[in-house]
Amino acid sequence: KAGVTQTPRYLIKTRGQQVTLSCSPISGHRSVSWYQQTPGQGLQFLFEYFSETQRNKGNFPGRFSGRQFSNSRSEMNVSTLELGDSALYLCASSLEVTGHEQYFGPGTRLTVT
Amino acid sequence: KNEVEQSPQNLTAQEGEFITINCSYSVGISALHWLQQHPGGGIVSLFMLSSGKKKHGRLIATINIQEKHSSLHITASHPRDSAVYICAVRSRNQFYFGTGTSLTVIP
């Protein structure tokens, strides 16, 4: 079974631009979560989707948004990029929202200049 | 105040040593996860616990719900165990993460 895939793997953007990151979960997994990892803040929870609905959201500004499609693939969008948005963005998939292991993708490393 | 605290932050061990990493949390949880992150960023979920103890090979994870504490043990450590180990908890609708323990195992 293929693992979680994320595209692109690396991205360089300029302040003020917007970016869309993609995550394809393991086949059969219906829950996708997104996380941000920075050297200063560590890992932080962004949001969680299940069956095309956002179930939970972390403490991030509205510039961060996401969605999930009927095939469970998910995208996250960051608008009006700031230098502080430079981070490793990780997604993870699991069978259901709770009670199941999470499987992480390799991440997308975003650099904002 | 961090919802999840890990100790130690850094740990260096000789190959073969028994290693313990501790995690304390301050919120009610539905599950606790131990994650392993190697240089380059890839994260692997080692354990998901809601009670008791789990064992995978040389790794053992325990949790004490009453004391809000979990430990990750590595028996007979090996240089390939060198990584950052992260404790994470699911609480209501949120995930909280520890800052990680950087483990280096010297041959």
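Computation of the quantities below employed the complete heavy-atom set of this structure, encompassing side-chain atoms and omitting hydrogens, waters and symmetry-equivalent molecules.
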Group every Ile, Leu, Val, Met, Phe, Trp and Tyr by side-chain heavy-atom contacts under 4.5 Å, then state whether B:V4 and A:L46 land in the same group. no

Within 6.0 angstrom of A:R15 CZ, more than 12 heavy atoms from elsewhere: no

Heavy-atom donor-acceptor pair, A:Q44 side chain to B:F95 backbone, under 3.5 Å: no

Side chain, backbone, both or neither: which part of A:Y103 has a heavy atom under 4.5 Å from chain B? neither

Which atoms form the tightest heavy-atom contact between B:S45 and A:E101, and what is the distance? OG-OE1, 2.6 Å

So if you build clusters from Ile, Leu, Val, Met, Phe, Trp, Tyr with side-chain heavy-atom gaps below 4.5 Å, do B:L46 and B:L49 land together? yes

Which atoms of A:Q41 come close to chain B, meaning under 4.5 Å heavy atom to heavy atom: side chain ones, backbone ones, both, or neither? neither

Hey, are the side chains of B:Q37 and A:Q37 touching, using non-hydrogen atoms and a 4.5 Å cut-off? yes

Starting from A:Y35, can I reach A:F64 by hopping between I/L/V/M/F/W/Y residues whose side chains sit under 4.5 Å apart? no

Determine whether A:L43 and B:T99 satisfy the following criterion, side chain to side chain contact (heavy atoms under 4.5 Å, CB included), listing intermediate values before the conclusion. CA-CA 8 Å; A:L43 271 165; B:T99 53; over 6 Å; no

Contacting region of A:L90 [heavy-atom separation from chain B under 4.5 Å]: side chain

Is it true that atom CD1 of B:I106 has more than 12 heavy atoms of other residues, nucleotides or ligands lying nearer than 6.0 Å? yes

Rounded to the nearest 0.5 Å, how far apart are CD of B:Q94 and CG of A:N59? 7.5 Å

Heavy atoms only, distances under 4.5 angstrom: which of A:G105, A:S33, A:G58 has the most pairs with chain B? Name it, please. A:G58

Please tell me if the side chains of A:E48 and B:R90 come closer than 4.5 Å, counting only heavy atoms from C-beta onward. yes

Less than 6.0 Å separating the ring centroids of A:F45 and B:Y96? no

Treating Ile, Leu, Val, Met, Phe, Trp and Tyr as nodes and any side-chain heavy-atom pair under 4.5 angstrom as an edge, say whether B:L32 and B:L59 lie in one connected cluster. yes

With the 4.5 Å side-chain cut-off for hydrophobic clustering, are A:F60 and A:L21 part of the same group? yes

Taken to the nearest 0.5 Å, the spacing of B:L35 CG from A:F104 CZ works out to 5.0 Å

